Amino acid sequence: MITHKDPIHILLADDDEDDRNFFSEAIAELKMSNKVTLFKDGKELMDYLEQPDIKMPHILFLDLNMPGKTGFDCLKEIRMNSRYKDLSIAIYSTSSAEKDIEETFVGGANIYIKKPNDFSKLKKVIKDVVNINWQFHSSGLNKETFFFSI
């Protein structure tokens, strides 16, 4: 479990500027010790992750529907590379389509979150996801625990 004393490195890849700002504001209000790095698309995210000297982040919040390199593309690339085996991936999407949930579950995401449109719900989701004991959560992962609903 990540404690609030540990600096938490969080990545968010989302093509919607308002959603990126909303997310950043929610993190700031939680007053957790963290570093947040934002990306406007999948290509920018993967260019960052492929740098040889970066410190691996703790968690990636990944939007699915981005132009160019989609969240699905990024998930596939990340899970094919053993360098990222410990990276927890939270799909963070407006879609709640069963097909999207199923595809990301099979693709190796750790959790699927439907983007809340309420600021207090967003803060709760971020806090809950950051505080999950990922090793335990991932070992007992099943379809019922995959979709995080608030």
Side-chain angles (χ1 to χ4, degrees), residues 1-51 53-67 69-75 77-79 83-97 100-101 103-105 107-150:
M1 179 154 172
I2 298 169
T3 68
H4 290 286
K5 294 179 292 214
D6 297 330
I8 303 159
H9 188 188
I10 300 167
L11 305 184
L12 169 66
D14 195 321
D15 63 313
D16 187 303
E17 185 176 1
D18 289 339
D19 285 349
R20 288 192 308 269
N21 292 337
F22 200 47
F23 188 91
S24 292
E25 289 170 22
I27 295 251
E29 280 199 18
L30 287 171
K31 296 182 182 5
M32 297 182 297
S33 172
N34 64 63
K35 174 185 176 191
V36 178
T37 308
L38 305 174
F39 303 95
K40 67 181 183 324
D41 58 40
K43 180 180 180 337
E44 198 177 78
L45 167 69
M46 294 311 297
D47 287 348
Y48 172 82
L49 286 174
E50 289 166 4
Q51 295 176 50
D53 57 344
I54 65 157
K55 185 172 185 276
M56 269 306 131
H58 293 94
I59 185 165
L60 164 62
F61 286 81
L62 182 61
D63 184 25
L64 290 180
N65 300 310
M66 297 183 284
K69 189 171 285 202
T70 69
F72 291 109
D73 297 333
C74 294
L75 177 62
E77 281 184 47
I78 290 167
R79 288 306 184 223
R83 179 175 182 221
Y84 312 120
K85 69 181 184 333
D86 295 329
L87 177 59
S88 295
I89 301 175
I91 300 301
Y92 182 66
S93 179
T94 54
S95 169
S96 57
D100 291 343
I101 295 167
E103 191 172 330
T104 55
F105 176 75
N110 296 86
I111 195 163
Y112 193 105
I113 302 160
K114 184 169 182 336
K115 286 182 187 176
N117 54 11
D118 174 88
F119 192 69
S120 62
K121 286 182 181 176
L122 175 61
K123 287 195 311 188
K124 181 181 181 343
V125 163
I126 293 169
K127 184 177 180 192
D128 289 349
V129 168
V130 167
N131 284 316
I132 286 175
N133 180 330
W134 285 105
Q135 184 177 13
F136 170 77
H137 182 77
S138 298
S139 67
L141 189 64
N142 62 52
K143 191 92 182 296
E144 287 69 49
T145 61
F146 180 66
F147 185 69
F148 187 71
S149 179
I150 54 165

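Since this is a predicted model, take the numbers as computed values, not measurements. FYI, side chains are in, hydrogens and waters are out, and symmetry mates aren't considered; it's all heavy atoms of this structure. For the single chain, residues carry numbers from 1 onward in sequence order.
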In chain order, what residues pass the side chain to side chain donor-acceptor pair (under 3.5 Å) check against Thr70, with sequence neighbours excluded?
->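 With sequence neighbours excluded, Thr70 shows a side chain to side chain donor-acceptor pair (under 3.5 Å) to Asp73, given in chain and number order.
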Could you check Arg79 against Lys85 for side chain to side chain contact (heavy atoms under 4.5 Å, CB included), going step by step and ending with a plain yes or no?
-> CA-CA 7 Å; Arg79 288 306 184 223; Lys85 69 181 184 333; over 6 Å; no
Is there a donor-acceptor pair closer than 3.5 Å between any side-chain N or O of Lys114 and the backbone N or O of Ser96?
->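 Pair absent, no side-chain N/O of Lys114 close to backbone of Ser96.
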Main-chain N/O of Asp14 paired with Arg20 side-chain donor or acceptor, under 3.5 Å =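 Indeed, once roles are kept as given, a pair shorter than 3.5 Å links the two residues.
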Quick one: list whatever passes salt bridge (Lys or Arg N to Asp or Glu O under 4.0 Å) with Asp19, sequence neighbours left out.
->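 Only Lys115 meet the salt bridge (Lys or Arg N to Asp or Glu O under 4.0 Å) criterion with Asp19.
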Could I get the full list of salt bridge (Lys or Arg N to Asp or Glu O under 4.0 Å) partners for Asp47, not counting sequence neighbours?
->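 Checked Asp47 against salt bridge (Lys or Arg N to Asp or Glu O under 4.0 Å); matches are Lys43.
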How close do [X] and [Y] get, heavy atom to heavy atom, and via which atoms?
| X | Y | value |
| --- | --- | --- |
| Leu75 | Gly108 | CD1-C, 4.1 Å |
| Ala90 | Ile113 | CB-CD1, 3.9 Å |
| Leu49 | Tyr84 | O-OH, 3.0 Å |
| Val125 | Pro116 | CG2-CG, 4.3 Å |

When rounded to the nearest 0.5 angstrom, what is the spacing between [atom1] in [X] and [atom2] in [Y]?
| X | Y | atom1 | atom2 | answer |
| --- | --- | --- | --- | --- |
| Leu62 | Leu45 | CG | CG | 6.5 Å |
| Lys35 | Lys55 | NZ | NZ | 9.0 Å |
| Leu122 | Asn117 | CG | CG | 10.0 Å |
| Ser88 | Phe61 | OG | CZ | 10.0 Å |

How about Asp118: does its CG atom have over 12 heavy atoms from other parts shown lying under 6.0 Å from it?
->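 Yes - once you tally the heavy atoms of other residues, nucleotides and ligands closer than 6.0 Å, there are more than 12.
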When you look at Val130 and Asn34, which way does the side chain to side chain contact (heavy atoms under 4.5 Å, CB included) test go after all the steps?
-> CA-CA 10 Å; Val130 167; Asn34 64 63; over 6 Å; no
Is the centre of the Phe22 ring less than 6.0 Å from the centre of the Phe119 ring?
->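 Between Phe119 and Phe22, which both carry aromatic rings, the centre distance is below 6.0 Å.
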Sidechain N-carboxylate O distance under 4.0 Å for Glu17, Lys40 =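 Result for this pair is no, no salt bridge flagged.
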After noting the C-alpha distance and the side-chain angles of Asp63 and Phe39, does the key distance pass the side chain to side chain contact (heavy atoms under 4.5 Å, CB included) rule?
-> CA-CA 10 Å; Asp63 184 25; Phe39 303 95; over 6 Å; no
Stepwise, does the salt bridge (charged side-chain N to carboxylate O under 4.0 Å, His left out) test hold for Lys69 with Glu44?
-> CA-CA 9 Å; Lys69 189 171 285 202; Glu44 198 177 78; over 6 Å; no
Derivation and outcome, ring pair (Phe, Tyr, Trp, His ring centres under 6.0 Å), residues Phe23 and Tyr92 = CA-CA 11 Å; Phe23 188 91; Tyr92 182 66; 5.6 Å; yes
Chi angles and distances behind the side chain to side chain contact (heavy atoms under 4.5 Å, CB included) call for Leu11, Ile59 = CA-CA 6 Å; Leu11 305 184; Ile59 185 165; over 6 Å; no
Scan side-chain atoms only and decide if His9 and Thr37 contain a donor-acceptor pair under the 3.5 Å cut-off.
->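 A pair is found: one side chain offers a donor N or O, the other an acceptor, under 3.5 Å apart.
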